[in-house]
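In what follows, every chain begins at residue 1, and chains take the letters A, B, ... in the order their sequences are listed.
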2 protein chains.
Amino acid sequence: MIKTKKEKNNERSAVYNLGSRTFDCPIELTSTAINGKWKLLIIYRLSLQHKLRFSQLKKEVKGVSEKMLIQHLKEMEKDGLVDRIVYPVVPPKVEYGLTEAGRSFIPVLDMMRNWGLSFIAVEATT
Amino acid sequence: MIKTKKEKNNERSAVYNLGSRTFDCPIELTSTAINGKWKLLIIYRLSLQHKLRFSQLKKEVKGVSEKMLIQHLKEMEKDGLVDRIVYPVVPPKVEYGLTEAGRSFIPVLDMMRNWGLSFIAVEATT
DNA sequence: TTCATTACTTACCAAAAGGTTGGTACTTGC
DNA sequence: GCAAGTACCAACCTTTTGGTAAGTAATGAA
């Protein structure tokens, strides 16, 4: 169905909600959801491993600082993409995983990854 | 050719080139390629219209400033995603379009858009 | 002569993103 | 008593990003 511009009658423009944020454009929503230097890599790791502890995630996402890792995880939790499970033990144990919405992004991420793969450099074979 | 130590035998780590930048990880490449507040929207508009003049793009990508539009277009041109055709006339006429590599991103963008669509808000019907 | 048009460019500024360092709480092992 | 291990927080700082406002070149129209 093609939506023409100024909706003449009672047609209302759709909005899209991610966590507590609202968007007019689905591309903007997606763009915002994955906006952050490490978010795609976090999702990628969680798509491979199902559940990961904070410290494991830190090892897998190479180069990320603790601050950014937590910050991104929190945002993604707010956005409903990531689950956080706390075990009341000492020393602390927290596991992160993808929610249903988060898992639904995996095919998209796969396409993004495949698109990136097509830019593989051709190496001379000495 | 610089090879870091990790590769014990003849195992070589692949690299991916976007314009003049090199990445170890295809996800990072993709992430970098679309990194910019307006880039996805620019690609989206160019995917719908095939070719657009600068001023038309400015109208279609709502809210973008001239500075950011040019800046992003230049980066995408360097990255090989966007074509720039200059007509030697006065007043100036420049058309932008997607390259083959740029067009190959359209299915990815479609998935991103569809993923965003799934977050449509349910509205109460008064 | 001055204006309009188009596709920029430049200078400057504010805000956001991200990095570094150091600290906390709690318990087990030495 | 002290260090180790875990999952964070808070301060501080630099870099990056994006926005605003103004100016430029070339030509034809008024």
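For B/Phe119, the ring pair (Phe, Tyr, Trp, His ring centres under 6.0 Å) partners are B/Trp115, not counting sequence neighbours. Partners of A/Arg84 according to the salt bridge (charged side-chain N to carboxylate O under 4.0 Å, His left out) rule, which considers only residues two or more places apart in sequence or in another chain, do not exist here. Legend: residues meeting salt bridge (charged side-chain N to carboxylate O under 4.0 Å, His left out) with A/Glu60, ordered by chain and number and at least two apart, are A/Arg45. In terms of the side-chain hydrogen bond (donor to acceptor under 3.5 Å, both in side chains) criterion, residue partners of B/Glu66 (sequence neighbours excluded) are, by chain and number, B/Lys58. With sequence neighbours excluded, no residue forms a salt bridge (charged side-chain N to carboxylate O under 4.0 Å, His left out) with A/Lys37. Residues forming a ring pair (Phe, Tyr, Trp, His ring centres under 6.0 Å) with A/Tyr96 (at least two apart in sequence, or on another chain): none.
Listed by residue number, A/Arg53, A/Phe54, A/Ser55 are the residues of residues 41-56 of chain A with a heavy-atom contact under 4.0 Å to DNA chain D.
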Classify every nucleotide of nucleotides 16-25 of chain C by which part a protein heavy atom approaches to under 4.0 Å, writing B for the base, S for the sugar-phosphate alone and - for neither, in 5'-to-3' order.
-> --BBB-----
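Sorted by first and then second residue, the pairs that involve residues 87-105 of chain A and meet salt bridge (charged side-chain N to carboxylate O under 4.0 Å, His left out), not counting sequence neighbours, are A/Glu100-A/Arg103.
A/Val15 forms part of no hydrophobic cluster, judged by ILVMFWY side-chain heavy-atom separations under 4.5 Å. Grouped with A/Tyr87 in one hydrophobic cluster are A/Ile85, A/Val89, the linkage being side-chain heavy-atom contacts under 4.5 Å among Ile, Leu, Val, Met, Phe, Trp and Tyr residues.
Fit an axis to the five pairs at each end of the helix from C/dT1-D/dA30 to C/dC30-D/dG1 and the two axes sit 30° apart, to the nearest 10 degrees.
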